[in-house]
Amino acid sequence: QCFYFSLLLLSLDVLSAHQSKPGLMKQQNDTNLPREKKKNPPHIVFILIDDQGFNDIGYHNPTIKTPTLDKLAAEGVKLENYYVQPICTPSRSQLLTGRYQIHTGLQHSIIRSRQPSCLPRHMDTLPETLRRAGYSTHMVGKWHLGFYRKSCLPTRKGFDTFFGSLTGSVDYYSYGSCNGPGVCGYDLHDNERVAWGHEGKYSTTLFTQRAHKILKSHDPADRPLFLLLSLQAVHGPLQPPKSFVYLYRDMANVDRRKFAAMVSTVDEAVRNVTYALRKYGYYKNSVIIYSTDNGAQPYVGGSNWPLRGRKGTYWEGGVRGVAFVHSPLLKHRRRVSTALLHITDWFPTLVGLAGGNISQSPGLDGFDVWPTISEGKESPRKEILHNINPLHRSMLPSGLSAVWDTSVQAAIRVGDWKLLTGDPGDGDWVPVQMLSTPPRPWWNLERTLMSSIHKDVWLFNITADPYERQDLSQQRPDVVLQLLGRLAFYNQTAVPVYFPPDDPQADPDRHQGAWVPWVDEDDEEGKYEGVYKKGKGRKNPCKLESFFLKLNMGMMSKRI
């Protein structure tokens, strides 16, 4: 068995000796240096969509009617090799912090409404950094990054104003949100107070109206503006206005019909926002970014076809995201970019555009990719750590436990290669015509549905095989070993998972029927402890194996 460890050391030497080769580069952020102060920094509008799949936009699928999105993307740069996280909270945390989940403690799942958890207090955020660069910062829509104490709220994380919901899913008309059966409350907030009285107004329309109000009231010549429009569409529940459903009256699948209609509501919202940008003088000096937060959930009408998998999985259908950039400031427009990009890249990229200083934000995992997007230059990103989740393990015994515990759910992309270990989640390919009905309530659909799998290592050449149909793990054990080494490398810097149990004090019935912060700011920060327990390495006569056990297992936990 020690032979494998010697081979791994040799492989790691090869990695460091050939950093310039695609697929073998060790990431470094040396290119992320402070830029000179911008004279006229651009206005930045980031439109974040919830659960929109690869097959849920017109320029990928003509049956979806999104003329505004199609036009904006065609006139800008389509990002066709762009990655997000498979579920909501992790993607949003990476957007706002520029850091992988393993560095924020959010490796395991979403933040539930009753969980005393949120973004780490010590970590700066994108809006905070932009505000230091002179920006006016606003957020409208879905937060889903924790709210158990006031210091977790968007207005305490860098946004001058906030209007939207704090939990993961709300009713589009009543703004009711449930965290399991019988635990429900009202979830619409204006800054730090509950925004009662908006029942009956469709959330996509309401959020768009608030965005319009912000654009109208702000003077674009006075200060640059950062607006995060985080629509809850097209996340369930499926509640499109009837007028939009009529557009898809020929679709046989009812859930697909409703889902497609909700995508069209997003298209209308974006049309109204871009109209306001032109009307109020922002457009000529603006950057519009459109991105989904994760792949679609086929069980509620979404589609990632022809990609494999779905929301909640580490197959391409869960992590390859729909995205484009539209801006008059792009040097090379009307093109498709296949450069490797990741959601963490927006932090240094947007701070760079703003003329800010990212040297005050140590530990970023993102890269400044504006030259890649605007000019078509080579991406500085050569690999992506999709995640390492030590709390999610397959039931199979590990085959190379001393190199990497392959029962642990993990995924990494290095150049053309993608490696998955543990249980990546439901790995079906789901054509649109085969969409099924939800097998369980929505709050369980957020998590991975355990599938019957009999292996725990997969390797794909994603460039040659984007649909993950040919597993090459047996043919290329050398690449498998190299990528296992990269997982071990990243795991050295992982912080413990923070996933505390639900707190009954959060129940909306205790707070006039609304979801609000429930922990006093004076309470000790360490009062709530996560489920994570640091594992202990076992002794082994092979010194090399012992080394890798300490390296790898030090951040692992036993199954909980």
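Remember, predicted model here, so these are calculated numbers, not experimental data.
- The shortest side-chain heavy-atom distance between Asp345 and Tyr83 does not fall under the 4.5 Å cut-off.
- Side-chain contact check for His108 and Asn389: at least one donor-acceptor pair (N or O, by modelled atom type) lies under 3.5 Å.
- A search for side chain to side chain contact (heavy atoms under 4.5 Å, CB included) contacts involving Lys279 returns Tyr275, not counting sequence neighbours.
- With a 6.0 Å radius and a threshold of 12 heavy atoms from other residues, nucleotides or ligands, Lys65 has its NZ atom above the threshold.
- The main-chain N or O of Val369 is found under 3.5 Å from a side-chain atom of Thr349 such that the two form a donor-acceptor pair.
- Between Pro42 and Pro224, the shortest heavy-atom distance links the atoms O-CB, 4.1 Å.
- Residues Asp426 and Tyr299 form a side-chain contact, since some pair of their non-hydrogen atoms from C-beta on lies under 4.5 Å apart.
- With hydrogens and angles disregarded, no donor-acceptor distance shorter than 3.5 Å links the side chain of Gln409 to the backbone of Gly422.
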**Message:** Please determine whether salt bridge (charged side-chain N to carboxylate O under 4.0 Å, His left out) holds for the pair Arg256 and Asp56, giving the CA-CA distance in whole Å, both sets of side-chain angles, and the decisive distance to 0.1 Å.
**Reply:** CA-CA 10 Å; Arg256 182 62 176 165; Asp56 295 331; 2.6 Å; yes

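- Rounded to the nearest 0.5 Å, atoms CG (Leu277) and CG (Asn285) are 11.5 Å apart.
- The side chain to side chain contact (heavy atoms under 4.5 Å, CB included) test applied to Lys418 returns Glu316, Val319, His386, Arg413, Leu420, Ile462, Glu468, not counting sequence neighbours.
- Annotation for Leu229 and Phe207: closest pair CD1-O, 4.1 Å, computed over non-hydrogen atoms.
- Side-chain atoms of Glu383 and Tyr490 form a donor-acceptor pair, as typed in the model, at a separation below 3.5 Å.
- Side chain of Arg249 to main chain of Tyr246: a donor-acceptor pair is present (N/O by atom type, distance under 3.5 Å, no hydrogens or angles).
- Here Tyr314 contributes atom OH and Asp423 contributes atom CG; the two are 10.5 Å apart, rounded to the nearest 0.5 Å.
- Residues Leu341 and Arg381 fail the side-chain proximity criterion, which asks for heavy atoms closer than 4.5 Å.
- Ring-plane geometry between Trp346 and Phe46 is classed as perpendicular, the angle between the planes exceeding 60 degrees on a 0 to 90 degree scale with a lower cut at 30.
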**Request:** Please lay out, stage by stage, how Val325 and Leu79 fare under the test side-chain contact (heavy atoms from CB on, under 4.5 Å).
**Result:** CA-CA 8 Å; Val325 176; Leu79 308 181; 4.1 Å; yes

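- Within 6.0 Å of atom OH in Tyr59, more than 12 heavy atoms from other residues, nucleotides or ligands are found, so the atom counts as buried in its surroundings.
- Trp429 does not carry Arg310 over the face of its six-membered ring by the limits of under 6.0 Å from the centre and within 45° of the normal.
- With sequence neighbours left out, Glu80 forms a salt bridge (Lys or Arg N to Asp or Glu O under 4.0 Å) with no residue at all.
- The CD atom of Glu75 lies 10.0 Å from the CD1 atom of Ile288; values are rounded to the nearest 0.5 Å.
- Residues Tyr175 and His189 keep their aromatic ring centres 6.0 Å or farther apart.
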**Request:** Verify side-chain contact (heavy atoms from CB on, under 4.5 Å) between Ile87 and Thr89, making sure each step is shown before the conclusion.
**Result:** CA-CA 6 Å; Ile87 48 179; Thr89 297; over 6 Å; no

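- The CG atom of Leu126 lies 9.5 Å from the OG1 atom of Thr97; values are rounded to the nearest 0.5 Å.
- If you look at His212 and Tyr280, their ring centroids are closer than 6.0 Å.
- In terms of modelled atom types and a separation under 3.5 Å, the side chain of Lys142 and the main chain of Leu166 share no donor-acceptor contact.
- Not counting sequence neighbours, the partners of Asp219 by the side chain to side chain contact (heavy atoms under 4.5 Å, CB included) test are Ala221, Asp222.
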**Audit row: Glu268, Thr265, side-chain contact (heavy atoms from CB on, under 4.5 Å) steps and yes/no** = CA-CA 5 Å; Glu268 181 185 68; Thr265 69; 5.7 Å; no

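- Ring-centre distance between Tyr100 and His342: below the 6.0 Å cut-off.
- Looking only at distances, a side-chain donor or acceptor of Asn304 sits under 3.5 Å from a matching main-chain atom of Ala296.
- In this structure, CE on Met139 lies 13.5 Å from CG on Asp160, to the nearest 0.5 angstrom.
- For Pro127, the side chain to side chain contact (heavy atoms under 4.5 Å, CB included) test picks out Leu96, Thr125, Thr137, Phe159, Phe226, with sequence neighbours left out.
- Two residues are said to be in side-chain contact when any heavy atoms from C-beta on lie closer than 4.5 Å; Leu206 and His198 meet this criterion.
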**Message:** Pair Thr204, Tyr172 - check side-chain hydrogen bond (donor to acceptor under 3.5 Å, both in side chains), show working.
**Reply:** CA-CA 8 Å; Thr204 304; Tyr172 284 73; 5.8 Å; no

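- Side-chain contact, Gln52 with Tyr290: a donor N or O sits under 3.5 Å from an acceptor N or O.
- In this structure, Gln232 and Ser203 approach most closely via the heavy-atom pair OE1-OG, 3.0 Å.
- A donor-acceptor pair shorter than 3.5 Å can be found between the side chains of Gln239 and Asp171.
- A donor atom on one side chain and an acceptor atom on the other are not found under 3.5 Å apart for Thr66 and Asp267.
- Using modelled atom types, no side-chain atom of Ser91 and backbone atom of Cys88 make a donor-acceptor pair closer than 3.5 Å.
- For CD of Glu375, the number of neighbouring non-hydrogen atoms (other residues, nucleotides, ligands) closer than 6.0 Å is greater than 12.
- For the residue pair Ser174 and Tyr186, no side-chain donor N or O sits within less than 3.5 Å of a side-chain acceptor on the partner.
- Two residues are said to be in side-chain contact when any heavy atoms from C-beta on lie closer than 4.5 Å; His138 and Leu225 meet this criterion.
- For the pair Asn461 (side chain) and Asp465 (backbone), a donor-acceptor distance under 3.5 Å is absent.
- Two residues are said to be in side-chain contact when any heavy atoms from C-beta on lie closer than 4.5 Å; His235 and Lys311 meet this criterion.
- Pairs of residues two or more places apart, or lying in two chains, that qualify as salt bridge (Lys or Arg N to Asp or Glu O under 4.0 Å) and include a residue from residues 208-218 are Asp190-Arg210.
- At least one donor-acceptor pair under 3.5 Å links the side chain of Asp471 to the backbone N or O of Leu459.
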**Residue pair Ile44, Tyr135: steps toward the side-chain contact (heavy atoms from CB on, under 4.5 Å) verdict** = CA-CA 10 Å; Ile44 301 168; Tyr135 274 68; 4.1 Å; yes

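- In summary, the aromatic rings of Trp458 and Trp315 are positioned with their centroids under 6.0 Å apart.
- Using a 4.5 Å heavy-atom cutoff, the side chains of Asp50 and Arg92 are in contact.
- Side-chain atoms of Asp416 and Thr463 form a donor-acceptor pair, as typed in the model, at a separation below 3.5 Å.
- Side chains of His43 and Val287 form no contact here, defined as non-hydrogen atoms less than 4.5 Å apart.
- Remark: side-chain polar atoms of Ser374 are paired, donor with acceptor, to backbone N or O of Lys331 under 3.5 angstrom.
- Although no hydrogens or angles enter the test, the distance criterion places a donor-acceptor pair under 3.5 Å between the side chain of Ser169 and the main chain of Gly236.
- Looking at Asp51 and Asn294, their side chains do bring a donor and an acceptor atom within 3.5 Å of each other.
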